[in-house]
Amino acid sequence: MITIQVLGLDQFVVGRYSRESGGNIAQLFECSEDDVSFYAPNAMMFHNGVEQTSWNTLVKILAPKKYRVMEKGVADYILKTLSVYSINVEVVFEYYDEESRYSYVNKEYPRFITTNEIRDDAASMEFGDVPDLMEGEEDECDDEECEEHHHHHHEESETDIYLGNAFEGFEERYEESRKNKN
């Protein structure tokens, strides 16, 4: 099993990248796609107290020693393809003896979950639903039109982040509630 850990990128971006590049990486390692997994912890990169997420990305690859001979080709591919999602990318390989790895695979279930096994759409998100972060609409409008356009756009989609003032009117409502209690 080859585990590719990605630090400094959003988890959904890593999910998308694994879907798009996992097969190619498996080919470069000359192994099955089932032998390559990605790990994207909820982790940010920092330098000198400044958050570096999507600016500096560290990729750590944990693999059996026999894959060391493929290292250069895999590193070149990851550096080239991940640079679409991050400004700077580093790749570090860590190797282990295959006899030092133990696992249990339950034969009563599929080895990996696929989108076909996911039943509750509200509880999970298919990585194919992630918007392309490199493409964006170019709006030609003045500030008021842009704000109204983006506000309207965000009201239509349940998965978009609210960009308005979430605390608008809070102080007034708070003061009113304090007066009503007295």
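Source: prediction; values computed, not measured. Residue numbers start at 1 and run along the sequence shown.
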Subject >> Between OH on residue Tyr17 and CZ on residue Phe38, distance to nearest 0.5 Å >> reply: 6.0 Å

Subject >> Glu172 atom CD, over 12 foreign heavy atoms within 6.0 Å >> reply: yes

Original post:
Looking at CZ of Arg173 and CD of Glu168, how far apart are the two atoms once the value is rounded to the nearest 0.5 Å?
Top reply: 8.5 Å

Donor-acceptor contacts, no H, no angles, side chain residues 45-68, under 3.5 Å, sequence neighbours left out:
{"residue": "Glu51", "atom": "OE2", "partner": "Thr53", "partner atom": "N", "Å": "3.2"}
{"residue": "Glu51", "atom": "OE2", "partner": "Thr53", "partner atom": "OG1", "Å": "2.3"}
{"residue": "Gln52", "atom": "OE1", "partner": "Asn56", "partner atom": "ND2", "Å": "2.8"}
{"residue": "Gln52", "atom": "NE2", "partner": "Val50", "partner atom": "O", "Å": "3.0"}
{"residue": "Asn56", "atom": "OD1", "partner": "Asn88", "partner atom": "ND2", "Å": "3.1"}
{"residue": "Thr57", "atom": "OG1", "partner": "Ser86", "partner atom": "OG", "Å": "2.7"}
{"residue": "Lys65", "atom": "NZ", "partner": "Asp97", "partner atom": "OD1", "Å": "3.0"}

**OP:** Could you tell me whether the side chain of Gln11 and the main chain of Ala40 form a donor-acceptor pair under 3.5 Å?
**Re:** yes

Subject >> Pairwise distance CD1(Ile25) to OG1(Thr81) - rounded to 0.5 angstrom >> reply: 6.0 Å

Subject >> In one Ile/Leu/Val/Met/Phe/Trp/Tyr side-chain cluster, 4.5 Å: Ile78, Val92 >> reply: no

**OP:** Kindly check if the number of other-residue, nucleotide or ligand heavy atoms within 6.0 Å of CD (Glu90) is above 12?
**Re:** no

Original post:
Which pairs, with at least one residue in residues 25-36 and sequence neighbours excluded, count as a side chain to side chain donor-acceptor pair (under 3.5 Å)?
Top reply: none

Original post:
Mind checking whether Leu79 and Met70 sit in one hydrophobic cluster, side chains of I, L, V, M, F, W, Y counted as touching below 4.5 Å?
Top reply: yes

**OP:** Answer yes if Val14 and Val84 sit in the same cluster of Ile, Leu, Val, Met, Phe, Trp and Tyr residues linked by side chain heavy atoms under 4.5 Å apart, and no otherwise.
**Re:** yes

Original post:
Quick one: do Asp76 and Lys72 make a salt bridge, cutoff under 4.0 Å?
Top reply: yes

Original post:
Would Val69 and Tyr95 show up in the same hydrophobic cluster when neighbours are defined by side-chain heavy atoms closer than 4.5 Å?
Top reply: yes

Subject >> From Ile4 atom CD1 to Phe93 atom CZ, the distance as rounded to the nearest 0.5 Å >> reply: 8.0 Å

Original post:
Going only through I, L, V, M, F, W and Y residues with side-chain contacts under 4.5 Å, is there a path from Leu7 to Val36?
Top reply: no

Original post:
Below 4.5 Å, heavy atoms only, C-beta onward: do Leu9 and Leu82 meet side chain to side chain?
Top reply: yes

